Amino acid sequence: MPQAFNSRNARFIWAAIGALADDAAHCDADTIVRSKSLGLTVDARRLQLPSAPPLQEAFESMAALERGEVANPDEGRQVGHYWLRDPGLAPEEIREEIYSSWAQIDYLTREASARNVTSLLLLGIGGSALGPQLLSEALGPGSRRIAFLDNTDPDGFHMVLSTIEPASTWVLVMSKSGGTVETRNALIETKAHFRSRGVDFASRSLAVTCAGSRLDQMAIKENWRDRLHLWEFVGGRTSWASVVGLLPAALLGMDWRSLLRGAAACDASTRVADAENPATLLVRAWHSLAGRAMVVLPYRDRLQLFGRYLQQLVMESLGKARDVQGTLVNHGLTVYGNKGSTDQHALLQQLLDGPDDYFAVFVAALEGAHDKESKEVETGVTSSDYLLAFLIGTRRALTAAGRRSLTITLQRVDAFHLGVLLALFERAVGLYAALIGVNAYNQPAVESGKRAASRVLALMLNLRDNVTSAASDADQDDVEMLREYLALQQSERKPSLPTHATPQLQACKRNRTESLSSQALCDGSETG
Ligand SMILES: O=P(O)(O)OC[C@H]1O[C@H](O)[C@H](O)[C@@H](O)[C@@H]1O
């Protein structure tokens, strides 16, 4: 009869933890940091690291950043995400704004309860969705259901909106710029869904955006329930510690203050340039293994979004064409990986037998919320035992194959330790960017994709209306796919402009031969 967790399992676990240490026996000994206060160990002993590069200047630039000096030179901005979890570091007026954002979160949390809100619908993309998605998955299930519209796919809209009960749902529309097209499109679809169900949208909607943005103005004009403001000095990929992450976490009943406590504790540790700094091990890994991909393997389902989250944090911060001197560097750090042990059935074959072009980052959480309920699957062994054994076993196999890995071990996945983990990588990204001289806080390249898309839209509108002069030579190789798409869409398609098109939309149609700037993308708010 399978037994629940018992002392024998505990012995198995301690033996496995001992293996974590024993395994280290053959590794170089000076690259592991254990922090009891953070509940964190970073073990880089299997990376074959050379001695650390000089980091003093990187730490000095980090200190200047935290003092509020401009650290995003291309956009002339401060970088203030560390202030969000320790407002005492922030300039006076900003400190008060941070505290009042927390008060607004508490107020809305009470309001949601008073109004029997049972579910949340979050509209956002990139940093305006990934943070909330990671927090809700890692710390869930929350006290309310949450769904996300983080793309511009009608199938996705249908799949999610068909499960939404507008009357008991609050809509969180998140966009720092307030002009991101995918979020605008999702907003139009969501408004239509509320209208189709005869439910008032505005009284159930919160705008999370920079003051004065188009989204902010819309929320004022349409009298939405509330508006929560973001600061220019917090980038999308580090906005989880602002209302972007904290508001949904609070509305889901999560311990968002412990998230901030964990991040603040980690910040305090990684602010100091000493041997106990866990972030410098990641910096040393990225520096000495430059050019290799980082394969992120969290061995907990709660962290299965962590790799996707790091793709934005790391690749949008470090993937840069030029360094701060303007020298062409085309720097990048590729991130992939989902979760263990699942990825052992997908990536591991190549990781073991394929090119040695990566290093693995294992993330272990020694205590799972339900480990103790774990049934015996073999005599004296539980599923939980297997999870840790698979991590250690996979790491052993990689080491035996001469492959490199770093292991981050957390006590458990709770708000405090998630805050620690997020802050660890934010600091490592900042220090490493300073070390190699790239601006980690802008994302100039992403605009090019948006501009190209607006030109394609103009071409599509002209092809749809058979404006023969539409396609230039450069367009030819796209025309075939566009024509195929249009043919499929054409049958039941409505006119290319809504019948009640506003003057803006009419102008858009008349001027469509020019490329549609991201502003002129026929702001559909009036039609929403
Ligand atoms: O929050 P938003 O202004 O809507 O931006 C959402 C995302 O889109 C942009 O393309 C940036 O690359 C991301 O850093 C940002 O998080």
Side-chain angles (χ1 to χ4, degrees), residues 71-72 74-75 77-81 84 101 121-135 148-153 156 171-190 205-219 224 227-248 305 308-321 332-333 335 422 425-426 429-430 433 438-454 517-519 521 523-525 528:
N72 176 355
D74 303 82
E75 295 171 328
R77 287 179 183 165
Q78 296 168 309
V79 173
H81 50 274
L84 300 178
S101 73
L121 175 63
L122 191 149
L123 280 52
I125 196 167
S128 290
L130 277 169
Q133 286 168 322
L134 174 64
L135 297 187
F148 296 88
L149 296 181
D150 65 347
N151 197 0
T152 179
D153 178 349
V171 182
L172 282 54
V173 186
M174 299 197 163
S175 175
K176 176 180 177 184
S177 62
T180 300
V181 166
E182 294 93 333
T183 308
R184 187 280 313 270
N185 296 356
L187 177 54
I188 290 172
E189 299 277 352
T190 303
S205 297
L206 308 171
V208 177
T209 185
C210 281
S213 77
R214 288 161 64 207
L215 174 59
D216 194 40
Q217 292 168 39
M218 182 196 301
W224 289 17
R227 300 148 48 227
L228 299 97
H229 286 153
L230 300 174
W231 298 276
E232 287 297 353
F233 58 71
V234 178
R237 51 193 176 272
T238 55
S239 62
W240 69 268
S242 74
V243 288
V244 168
L246 302 182
L247 175 65
L305 284 179
R308 261 176 56 192
Y309 179 82
L310 284 184
Q311 282 180 329
Q312 187 197 20
L313 175 63
V314 172
M315 297 176 77
E316 203 166 63
S317 299
L318 302 177
K320 298 289 161 65
L333 170 53
V335 178
L422 291 170
F425 276 88
E426 286 174 341
V429 164
V438 298
N439 177 355
Y441 309 107
N442 67 340
Q443 49 284 328
V446 299
E447 291 311 312
S448 55
K450 298 176 188 175
R451 280 195 297 274
S454 64
S517 76
S518 52
Q519 265 56 43
L521 267 176
D523 176 352
S525 55

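Note that this is a predicted model, so its numbers are computed, not measured. All ligand and atom numbering here is 1-based and tracks the order in the structure.
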Numbered atoms of ligand 1 (with element) below 4.0 Å of S128, judged on heavy atoms: 1 (O), 2 (P)

Is there side-chain contact between P444 and D74, with heavy atoms separated by less than 4.5 Å? no

Mark yes or no for whether E182, through its side chain, and T152, through its backbone, hold a donor-acceptor pair below 3.5 Å. no

Tell me which protein heavy atom sits closest to atom 7 (C) of ligand 1, plus the residue, atom name and distance to 0.1 Å. I125 O, 3.8 Å

Ligand 1 contact on K176 by region, counting heavy-atom pairs under 4.0 Å: both

Interatomic distance, CG@L84 vs OG@S101, rounded to 0.5 Å, equals 7.5 Å

Quick check: does any side chain N or O of K176 sit under 3.5 Å from a backbone N or O of E232, one acting as donor and the other as acceptor? yes

Contact check, side chains of N442 and K320, non-hydrogen atoms, under 4.5 Å: yes

Which residue holds the protein heavy atom closest to atom 11 (C) of ligand 1, what is that atom called, and what is the gap in Å? E316 OE2, 3.7 Å

Contacting atoms of ligand 1, where contact means under 4.0 angstrom from a heavy atom of Q443: 12 (O)

For ligand 1 and T183, I'd like to know whether there is a polar contact (N/O to N/O, distance under 3.5 Å). no

When you compare ligand 1 with G127, is there at least one nitrogen or oxygen pair between them that comes in under 3.5 angstrom? yes

Of M174, K450, Q312, the residue with the heavy atom nearest atom 10 (O) of ligand 1 is K450

When you measure from the heavy atoms of V446 to every atom of ligand 1, does any distance fall below 4.0 Å? yes

Going by the side-chain contact (heavy atoms from CB on, under 4.5 Å) test, name the single residue among L123, L206, V244 that passes it with M174. V244

For residues T183 and V173, determine if any side-chain heavy atom of one lies less than 4.5 Å from a side-chain heavy atom of the other. yes

Please tell me if the side chains of Y309 and W240 come closer than 4.5 Å, counting only heavy atoms from C-beta onward. yes

Contacting atoms of ligand 1, where contact means under 4.0 angstrom from a heavy atom of S177: 2 (P), 3 (O), 4 (O)

Who's the nearest protein heavy-atom neighbour of atom 5 (O) of ligand 1, and how far? T180 OG1, 3.6 Å

